[in-house]
Colleague: 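Below you'll find the structure I mean.
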Amino acid sequence: MKMHEELVQSFNDAVKKELESAYKYESMALWLRYHNLDGMAHWMHLQAEEELEHAVKFREYIELRGNRVRLMAIQEPKGDYKSALETFEDGLHAEIAVTQWVLSMRELAIKHKDEGAVLLLDWFIREQEAEENTAQSILDKFTLAGITHETHHGAAIYLLDKELGARGK
Ligand SMILES: [Fe+2]
């Protein structure tokens with residue numbers, strides 16, 4: 001059964017938002033790599049790939065329901081950051097915003113009594129919980145290592161860069 005048009009609009013927006021997230025993380029990766037933080041850049045790049053997978057998941061669901069996917073213009077990401085810490089802070093804020101969006105989509109799915117859409121969104125809510133948790137843990141490590149917005153070199157940032165560079169997927 002096709003999804004209600006209002007829900008389709010919201011799923012199309014979700015595709016756009018996930019692509020924007022990917023673009024944001026990729027922009028952070030580029031900034032970090034330019035500043036020789038290759039490990040953090042690697043982490044951000046993998047995160048960008050994960051966001052692309054999310055966009056695909058939303059897109060495939062729209063198609064599965066027999067609705068039409070419409071791609072929209074995506075916003076140019078911020079390109080300059082004052083520090084490595086700022087990139088991860090921005091990442092957490094972006095994840096929180098996405099969580100809010102997914103929750104509002106779920107409300108809409110409930111309004112239209114669309115159980116299938118609710119099920120998919122439940123998966124996304126769990127995913128967002130994990131994303132927020134990971135982002136917060138990394139920020140906690142910045143704090144633990146004493147890395148601030150003013151830290152651009154030193155053993156602490158060197159080691160955290162190495163640790164984040166070990167991310168497998
Ligand atoms: Fe995502």
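Atoms within a ligand are numbered from 1 in the order they appear, just like the ligands themselves. Bear in mind the structure is a predicted one, so any value in this text is a computation, not a measurement.
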Colleague: Protein N, O or S atoms at less than 2.8 Å from the Fe ion (ligand 1), how many?
Modeller: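 Count of protein N, O, S atoms less than 2.8 Å from the Fe ion (ligand 1): 3.
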Colleague: Determine the minimum heavy-atom distance between F58 and L121, stating which atoms define it.
Modeller: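 Looks like CE2-CD2, 4.0 Å.
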Colleague: Rounded at 0.5 Å granularity, tell me how far OG1 in T87 sits from NE2 in H35.
Modeller: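 Interatomic distance, T87 OG1 to H35 NE2, rounded to 0.5 Å: 11.0 Å.
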Colleague: Indicate yes or no: at least one non-hydrogen side-chain atom of D161 is less than 4.5 angstrom from one of N36.
Modeller: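 Heavy-atom side-chain distance check fails, nothing below 4.5 Å.
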Colleague: If you draw the axis of the six-membered ring of W123, does the NZ or CZ of K57 fall within 45° of it and under 6.0 Å from the ring centre?
Modeller: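 Here K57 passes the 6.0 Å and 45° test against W123.
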Colleague: So I125 and R106, do their side chains get closer than 4.5 Å, heavy atoms only?
Modeller: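 The answer is yes, as the side chains (C-beta and beyond) meet within the 4.5 Å cut-off.
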Colleague: Describe, in one word, how the ring planes of W43 and F88 are oriented to each other, choosing from parallel (under 30°), tilted (30 to 60°) and perpendicular (over 60°).
Modeller: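 Rings of W43 and F88: tilted, as their planes differ by 30° to 60°.
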